[in-house]
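Beneath this line is the structure, given in structure tokens, with notes to follow.
Everything quoted here is computed from the prediction, not taken from an experiment. Chain A is the first sequence line, chain B the second, and so forth, proteins listed ahead of strands; every chain is numbered from 1.
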Amino acid sequence: MAKIIVVTSGKGGVGKTTTSAAIGTGLALRGHKTVIVDFDVGLRNLDLIMGCERRVVYDFVNVVNEEANLQQALIKDKRLENLYVLAASQTRDKDALTQDGVEKVLTELAKDFDFVICDSPAGIEKGASLAMYFADEAIVVTNPEVSSVRDSDRMLGLLSSKSRRAANNEEPIKEHLLLTRYNPERVSKGEMLGVEDVEEILAIRLLGVIPESTAVLKASNSGVPVILDDQSDAGQAYSDAVDRLLGKEMPHRFLDVKKKGWMERLFGGRE
Amino acid sequence: MNIFDFFRDRKKGNTASVAKERLQIIVAHERGQRNTPDYLPALQKELVEVIRKYVAIDNDDVHVALENQGSCSILELNITLPDR
């Protein structure tokens with residue numbers, strides 16, 4: 001039986017899809033059979049970040065409507081043995097996904113996989129609420145910035161009230177905070193909320209801190225999940241987060257300002 | 001950054017702590033509202049209409065709040081009547 005994990009945030013552009021791709025890939029790297037499901041109907045993008053956009057034939061909505069079966073719609077990753085992607089549909093029909101349809105697909109996926117990662121769309125509309133409804137755990141992606149933190153808190157409220165677990169009076173969804181686009185230098189200058197600040201406001205366990213990094217854009221440019229760039233700070237930070245998700249204790253890295261040498265100070269460093 | 005900026009920076013308040021303070025206030029406020037049932041605004045509106053049949057009041061003069069204390073809920077109504 002798979003563990004269903006939703007990656008959500010409320011606010012757009014904070015790194016949900018980047019995170020879904022990285023965490024999903026990280027789980028597969030560690031030998032867990034994983035599928036990443038794009039819930040952003042009409043604005044499909046996970047396929048681009050995963051680099052499989054040209055191999056999408058059938059999508060999530062096709063499976064819900066029984067125009068294709070799951071085996072036809074699942075896209076197998078070219079790099080990793082046990083990693084799959086289920087693309088979102090590009091239809092403009094907002095009601096293409098129904099709760100029953102999503103439940104049917106997720107139940108079938110849960111039989112076959114160890115982890116199902118649900119990449120939620122931004123906002124609190126239907127797509128976002130369906131992405132979280134069946135989840136066992138949630139990764140709340142937050143930027144150290146006021147609107148993102150406030151929206152994350154709103155999502156935490158929805159996670160605790162509008163889910164299958166809440167409806168059935170089961171143990172609540174386990175919530176994790178993932179702080180992304182973190183810039184230690186700006187934090188030290190007092191220009192950006194620090195990890196402790198965001199932790200204190202949201203009061204959920206910290207899964208990881210991903211530093212603002214040039215590697216993220218480079219990775220998405222080439223359709224490679226950033227976690228596969230194991231030389232990069234963001235890749236390593238995601239890797240630690242995956243280990244923590246699996247229950248390992250890992251110290252947090254990349255929280256402090258890198259010390260510049262005097263040569264670098266003089267001539268400026270290049271990434 | 002030159003040497004003058006360095007001194008100026010120290011004096012200026014840091015914006016991160018402003019952000020934190022603002023967030024703590026708004027988040028606490030919104031969490032308080034989160035558990036209130038959806039019918040409260042409608043209830044408030046209808047109450048205003050009923051009271052207005054007898055006394056001239058403003059929309060803001062009626063406050064409705066629901067408080068949960070353990071197993072019992074208290075519906076609190078606060079109506080400010082105008083000066084006679």
Side-chain angles (χ1 to χ4, degrees), chain A residues 9-11 14 124 129 132 140 142-163 166 172-173 175 177 179 181-204 209 212 255-257 260 264-266 268, chain B residues 1-48 58-79:
Chain A
S9 71
K11 189 175 182 299
V14 296
I124 51 172
S129 53
M132 70 166 64
V140 180
T142 308
N143 289 170
E145 176 269 327
V146 286
S147 52
S148 174
V149 175
R150 181 201 210 169
D151 288 0
S152 293
D153 189 68
R154 184 116 174 72
M155 294 323 278
L156 290 173
L158 294 175
L159 282 166
S160 63
S161 60
K162 303 266 189 292
S163 70
I173 295 176
E175 300 152 335
L177 169 65
L179 202 56
R181 310 196 69 164
Y182 194 72
N183 186 330
E185 199 161 327
R186 301 198 72 182
V187 173
S188 77
K189 284 187 194 158
E191 291 175 2
M192 183 181 264
L193 290 163
V195 200
E196 299 84 11
D197 300 332
V198 183
E199 270 188 287
E200 192 185 324
I201 294 163
L202 295 178
I204 54 173
V209 179
E212 169 108 79
L255 299 185
D256 299 315
V257 184
K260 277 188 180 172
E264 215 178 343
R265 271 171 195 265
L266 266 180
Chain B
M1 193 206 257
N2 63 36
I3 190 157
F4 299 107
D5 286 341
F6 183 78
F7 288 114
R8 210 180 302 146
D9 260 18
R10 293 288 127 144
K11 269 193 236 156
K12 234 183 340 185
N14 90 22
T15 54
S17 57
V18 177
K20 185 182 179 183
E21 239 179 81
R22 291 174 60 216
L23 272 169
Q24 279 173 325
I25 293 166
I26 191 69
V27 162
H29 177 72
E30 287 176 345
R31 278 183 195 158
Q33 290 187 330
R34 195 181 285 165
N35 299 322
T36 62
D38 302 336
Y39 60 72
L40 276 195
L43 177 74
Q44 176 163 358
K45 195 167 150 256
E46 282 180 43
L47 277 171
V48 171
D58 269 340
N59 287 350
D60 305 339
D61 291 340
V62 175
H63 286 277
V64 183
L66 194 68
E67 238 179 274
N68 291 309
Q69 290 179 346
S71 60
C72 75
S73 310
I74 301 166
L75 182 67
E76 190 185 297
L77 286 181
N78 193 344
I79 305 164

Going from NZ on B:K20 to CD1 on A:I201, what distance comes out if it is rounded to the nearest 0.5 angstrom?
6.5 Å
So with a 6.0 Å cut-off around CD of A:E185, is the heavy-atom count from everything else above 12?
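Atom CD in A:E185 is not crowded, with 12 or fewer foreign heavy atoms closer than 6.0 Å.
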More than 12 heavy atoms of other groups within 6.0 Å of B:R31 CZ
yes
Mind listing the closest non-hydrogen atom pair of A:V146 and B:A19 along with its distance?
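Looks like CG1-CB, 3.7 Å.
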Tell me, side chain or backbone of A:R186 under 4.5 Å from chain B's heavy atoms, or both, or neither?
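For A:R186, no heavy atom lies under 4.5 Å from chain B.
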I want to check something: taking the side chain as every heavy atom from C-beta on, are B:L23 and A:D197 in contact at a cut-off of under 4.5 Å?
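With C-beta onward as the side chain, the pair stays apart.
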